[in-house]
Amino acid sequence: LYTLSVLMFMGVNIILSTSLNLVNGYMGEFSCGHAGFMCVGAYVASLLGVWLFGGSKVLGGPLLDPSLAVYVFPFIIVAGGLVAALVGLLVAVPSYKTRGDYLAIITIAANYIVISVIQNVDAIGGSRGFMGMKSVITAMEEVVYLPWMLIWVFVFTVLTVWLLRRYVSSTFGKGVSAISQDEIAAEIMSVNTNQIKTITFMLSSGLAGIAGGLFAYILGYVNPGSFGILKSTEVLVMVYLGGMGSLSGSVLSAVLFTVLLELLRPLQIIKWIVIPLLLIL
């Protein structure tokens, strides 16, 4: 069970690392609030899943037959990603006129805003967190007894890497690289920089939301405190550890980083000295 958990967290970290690399690596921007989008996806997917299949005092339900959970679950995770992408749109608009440090400040602010809003909504648990996702997994296992979360994490990880590979190698993706090299020159060469920034930010945020949804169902519990600036720092470490603008590097660094986190777990608070040190190195 422990090994399965580590493998699932590897998958989630691969999605987070590759999606942030799209903005920080390929587009040359500096986003620091990736955990905020992850938080949105985690809560939307959790609330939707429990409402449809689990049932709770606040949400009522279940609305659908639990035997349908296997078929509906991927749409629940994607729904979390879509809402996170819409939040990413709100960050993308100010990014038209800002770069570097200013964009970093905007994304950090967005991260804090998302957490603060969720902490103050008692209907979904507030700062206590939200649970009940295990009932959705149980519903899937009652149809066919398989390690469903491992399967879904694997499917979404493979799809994410494939999608990003296609995206960055497309004609549109070349525009992303052009913005990274020289935004003014890209505009002169007829690249629609605002459109590319918007779509790239939304894709990156949406994938972070998908990672958040999977993360919530792996744990069976979600808390806004899990998606603070420390979580965003973890994702930044994975991106810079693997190399800017390198998908394969992001995949490898996510695997190494997950293993390293497990090895450092006995050190508890000292790991938060080691992880930022890695970022510096």
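None of the values given here were measured: they were computed from a predicted structure.
- Remark: E183 CD to E29 CD distance equals 6.5 Å, nearest 0.5 Å.
- Between the CG atom in L207 and the CG atom in L20 there is a gap of 11.0 Å [rounded to 0.5 Å].
- The two residues A42 and G212 come nearest to each other via the heavy atoms CB-O, 3.3 Å.
- A donor-acceptor contact shorter than 3.5 Å is absent between the side chain of T198 and the backbone of A92.
- Residue Y217 forms a ring pair (Phe, Tyr, Trp, His ring centres under 6.0 Å) with just one option from F73, W148, Y43, W152, and that option is F73.
- Between T18 and S250, the shortest heavy-atom contact is CG2-CB, 3.7 Å.
- The hydrophobic clustering, which links ILVMFWY residues whose side-chain heavy atoms are closer than 4.5 Å, places V83 and V78 together.
- Atom CD1 of I108 sits about 4.5 Å away from atom CD1 of I229, to the nearest 0.5 Å.
- The minimum heavy-atom distance between S180 and G25, with the atom names listed, is OG-O, 4.3 Å.
- Applying the side-chain contact (heavy atoms from CB on, under 4.5 Å) test between F130 and each of N223, I118, V50 identifies V50 as the sole match.
- Side-chain N or O atoms of S204 include one that pairs as donor or acceptor with a backbone N or O of S19 at under 3.5 Å.
- With rounding to the nearest 0.5 Å, the separation of CG in L256 from CE in M238 is 11.5 Å.
- The shortest heavy-atom contact between V44 and G80 is CG1-CA, 3.8 Å.
- The side-chain heavy atoms of V144 and V70, taken from C-beta on, include no pair separated by under 4.5 Å.
- Linking Ile, Leu, Val, Met, Phe, Trp and Tyr whenever their side-chain heavy atoms come within less than 4.5 Å leaves F75 and F215 in two separate clusters.
- A distance-only check finds a donor-acceptor pair linking the side chain of S253 to the backbone of G249 [under 3.5 Å].
- Remark: side-chain polar atoms of N21 are not paired, donor with acceptor, to backbone N or O of M244 under 3.5 angstrom.
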Practice prompt. Go through the steps for Y167 and Y26 under the test ring pair (Phe, Tyr, Trp, His ring centres under 6.0 Å), then give the verdict.
Written response: CA-CA 11 Å; Y167 185 77; Y26 286 96; 9.0 Å; no
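- V168 is not listed as a side-chain neighbour of V176, based on a closest heavy-atom distance of 4.5 Å or more.
- Considering all non-hydrogen atoms of both residues, I196 and G175 come closest at CD1-CA, 3.7 Å.
- Residues L203 and L164 form a side-chain contact, since some pair of their non-hydrogen atoms from C-beta on lies under 4.5 Å apart.
- To the nearest 0.5 Å, atoms NE2 (H34) and OG (S232) are separated by 8.5 Å.
- Under a hydrophobic-cluster definition in which Ile, Leu, Val, Met, Phe, Trp and Tyr are linked whenever side-chain heavy atoms come within less than 4.5 Å, directly or via other members, M149 and L4 are assigned to the same cluster.
- At a threshold of 4.5 Å between non-hydrogen side-chain atoms, the residues V153 and F9 do not count as touching.
- By the criterion of side-chain heavy atoms lying less than 4.5 angstrom apart, applied directly or through intervening Ile, Leu, Val, Met, Phe, Trp or Tyr residues, M140 is grouped together with V143 in one hydrophobic cluster.
- Annotation: L277, atom CG; neighbour count of heavy atoms from other residues, nucleotides and ligands within 6.0 Å is above 12.
- With a 4.5 Å cut-off on side-chain heavy atoms, E234 and L261 count as touching.
- Here L214 contributes atom CG and L219 contributes atom CG; the two are 11.0 Å apart, rounded to the nearest 0.5 Å.
- Residues M38 and I115 are members of separate hydrophobic clusters, defined by side-chain heavy-atom contacts under 4.5 angstrom among Ile, Leu, Val, Met, Phe, Trp and Tyr.
- Under the 4.5 Å side-chain criterion, counting only non-hydrogen atoms from C-beta, T200 is not in contact with I179.
- Nearest approach of F30 to L236, heavy atoms of both residues: CE1-CD2, 4.4 Å.
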Practice prompt. Output, in order, the C-alpha distance, side-chain angles, deciding distance and verdict of side chain to side chain contact (heavy atoms under 4.5 Å, CB included) for F227 and V222.
Written response: CA-CA 9 Å; F227 305 101; V222 66; 3.5 Å; yes
